[in-house]
Protein chains: 2
Amino acid sequence: MRVGELSRKTGVPVPTIKYYVREGLLPPGELTSRNQASYDETHERRLRLIRALLDVGGMRVAEIADVLAALDDPERPLHKVLGAAADRVGGASAAYDDAESAAARGIVADLVSRRGWRAQASNPAAVELAEALAAMARLGHGAFADVLDDYADAAEQVARADLGYLDRQVAVEDMVEGMVVGTVLGEAVFGALRRLAHVDASARRYGED
Amino acid sequence: MRVGELSRKTGVPVPTIKYYVREGLLPPGELTSRNQASYDETHERRLRLIRALLDVGGMRVAEIADVLAALDDPERPLHKVLGAAADRVGGASAAYDDAESAAARGIVADLVSRRGWRAQASNPAAVELAEALAAMARLGHGAFADVLDDYADAAEQVARADLGYLDRQVAVEDMVEGMVVGTVLGEAVFGALRRLAHVDASARRYGED
DNA sequence: GATAGCGGATAGTTCCGCTATCCACTTTGG
DNA sequence: CCAAAGTGGATAGCGGAACTATCCGCTATC
């Protein structure tokens, strides 16, 4: 298959495919002559994965490049790949250093030890959590920390469901990719479900419509 | 207070404040002369809200403008404001129309009726959910739909926690804003917790570190 | 042997979230 | 009272991100 057919099958324009190759998201096709290359189903699959992570997962091209590089690494340290996938939000937060941030970090540390979670305070997810809580505190919603345990219960339930799905449904050789898909697209799924549940709860309380 | 002090208190540069005013995120200060205006704590609070929605919630400026406009509408149709807050992801999805999309819409419709959720199929959250499931199906993870009920349980639990927090902790006049904060920043909080739970579960299974 | 398509390279476009500059005009400090 | 600092308002520019367009010499195909 050459690039035109790949484009037709996936709906991704040819110049965009070239761009993804340039950026290292997609391996180049195998050259059969100086200016002819052939692509196969692995390229097609990879391209669909890229679009899903972009469109549904909201990831950025550079983040996807990192995750896919980790995914293609034959060493495959599973939780490292996941780390790359999970760090996608990390970004360049200025790391405030006010009272709220310090308090939030303390709340997170308490939560992690209370739960017995094997996670470091330096974990990007923990940092992000602390930042979110600090932002809420600055908005006068410091008491939101009181519902953290309810949130954590739900998060554990979701994580259990994810692992169970992987065990039951995914072949070993696809597990790393499955974890990436589950982590990134699963977040979109859960976010949508949460908003649906909000709509329902809100509709039950206040008026019909 | 004039713009310089507002800037100092919030850490937002003056030109950026001017930009937010131009974009309708922040109401202009009250003019005391042709080129002097005064700002108060409501401006400060609003500015912090803007930065939280931007930095932590990942919203875009135009989306924030929509949400805040709804929030400031004295008619205050609560679930409309929430709708504006929840639609933030909606964006310009091309709305595929293949077999996977149709199947995913069916799965979502089943879920909504099975749960007895008061939500329309046209709801942006439902559409987004269907798109996410369709993307997974295209990647060979159609069986992920099997864990949807686990996800939905967790989503309901989170939604209950959110409403409970609002009832207990937030004054009536702040409830609309509280719902926006909870919806948007709560998603960041949950996402971080989910990733922490993944890290923990993954660490328990595969190696130490 | 004409035509369509290709791989590879480079340059341009659009959008977004700011940031810089300018202006005429207060406010403030000495 | 006057100079320096700051202000509101307007316009223009910038840097990053994700494409998109164009061009080249070449190749597959009919």
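Just the heavy atoms: all of them, side chains too, but no hydrogens, waters or symmetry mates, feed the values below. Letters A, B, ... are given to chains in the order of the sequence lines, protein chains preceding strands, and every chain is numbered from 1.
For the pair L25(B) CG and dC18(C) C1', the interatomic distance rounds to 12 Å; values are reported in whole Å. Taking atom CE of residue M1(B) and atom P of nucleotide dG6(D), one finds them 17 Å apart after rounding to whole Å. Atom CE in M59(A) sits roughly 11 Å away from atom P in dA18(D) (whole-Å rounding). The CD atom of E30(A) sits 15 Å away from the C1' atom of dG7(C) (whole-angstrom rounding). One interatomic measurement links the two molecules: CD of E23(B) to C1' of dC15(C), which rounds to 12 Å at whole-angstrom precision. Here dT7(D) presents its P atom at 10 Å from CD1 of I17(B), a figure rounded to the nearest Å. Between R60(A) atom CZ and dG16(D) atom C1' there is a gap of 9 Å when expressed in whole angstrom units. The CG atom of L31(A) sits 11 Å away from the P atom of dA28(D) (whole-angstrom rounding).
Scanning for salt bridge (charged side-chain N to carboxylate O under 4.0 Å, His left out) contacts around E30(B) gives an empty result, with sequence neighbours left out. D55(B) meets the side-chain hydrogen bond (donor to acceptor under 3.5 Å, both in side chains) test with no other residue; sequence neighbours excluded. Every residue meeting the salt bridge (charged side-chain N to carboxylate O under 4.0 Å, His left out) condition with R45(A), not counting sequence neighbours, appears here in chain and number order: E177(A). When the side-chain hydrogen bond (donor to acceptor under 3.5 Å, both in side chains) test is applied to D98(B), the partners found at least two apart in sequence or on another chain are S101(B), R138(B). Under the side-chain hydrogen bond (donor to acceptor under 3.5 Å, both in side chains) criterion, T32(A) pairs with no residue, sequence neighbours left out. Applying the salt bridge (charged side-chain N to carboxylate O under 4.0 Å, His left out) rule to K9(A) yields the partners E5(A), E44(A); only residues at least two apart in sequence or on another chain are considered. For the side-chain hydrogen bond (donor to acceptor under 3.5 Å, both in side chains) test, no residue two or more places apart in sequence or in another chain qualifies with D150(B). In this view, E156(A) and R115(A) satisfy the salt bridge (charged side-chain N to carboxylate O under 4.0 Å, His left out) rule, not counting sequence neighbours.
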Report task. Go through Y151(A) and F144(A) one step at a time and tell me if the ring pair (Phe, Tyr, Trp, His ring centres under 6.0 Å) criterion holds. Result -> CA-CA 10 Å; Y151(A) 266 62; F144(A) 187 83; 5.3 Å; yes
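Counting heavy atoms from C-beta outward, H43(B) and D40(B) have side chains that approach closer than 4.5 Å.
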Quick one: which protein N/O atoms are closer than 3.5 Å to N/O atoms of nucleotides 23-30 of chain C? Pair and distance per line, please.
| unit_1 | atom_1 | unit_2 | atom_2 | d |
| --- | --- | --- | --- | --- |
| dC25(C) | O2 | N35(B) | ND2 | 2.5 |
| dT26(C) | O4' | N35(B) | OD1 | 3.3 |
| dT27(C) | OP1 | S33(B) | OG | 3.0 |

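Each of P15(B) and V14(A) was assigned the nucleotide of DNA chain C with the nearest heavy atom; the assignment lying further toward the 5' end belongs to V14(A).
Regarding contacts with the backbone of dG17(C), every side-chain N or O of T16(B) stays at 4.0 angstrom or more from both OP1 and OP2. When the side-chain nitrogen and oxygen atoms of Y20(A) are compared with OP1 and OP2 of dC19(D), one or more of them lie within a distance under 4.0 Å.
Closest approach to the Y39(A) side chain among dC19(D), dG7(C), dA20(C) is made by dG7(C) (side chain taken as heavy atoms from C-beta onward).
In DNA chain D, the stems built from three or more successive Watson-Crick or G-U pairs (distances below 3.5 Å) are C:1-30 with D:1-30.
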Report summary line: With B for base contact, S for sugar-phosphate-only contact and - for none (protein heavy atoms under 4.0 Å), nucleotides 10-15 of chain D reads -B----
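Under the 4.0 Å criterion applied to side-chain N and carboxylate O atoms, D66(A) and R60(A) are not assigned as salt-bridge partners.
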Show which side-chain atoms of residues 10-22 of chain A pair as donor or acceptor with protein atoms under 3.5 Å away, not counting sequence neighbours.
| unit_1 | atom_1 | unit_2 | atom_2 | d |
| --- | --- | --- | --- | --- |
| T10(A) | OG1 | L6(A) | O | 2.8 |
| T10(A) | OG1 | V12(A) | N | 3.4 |
| Y20(A) | OH | R51(A) | NH1 | 3.2 |

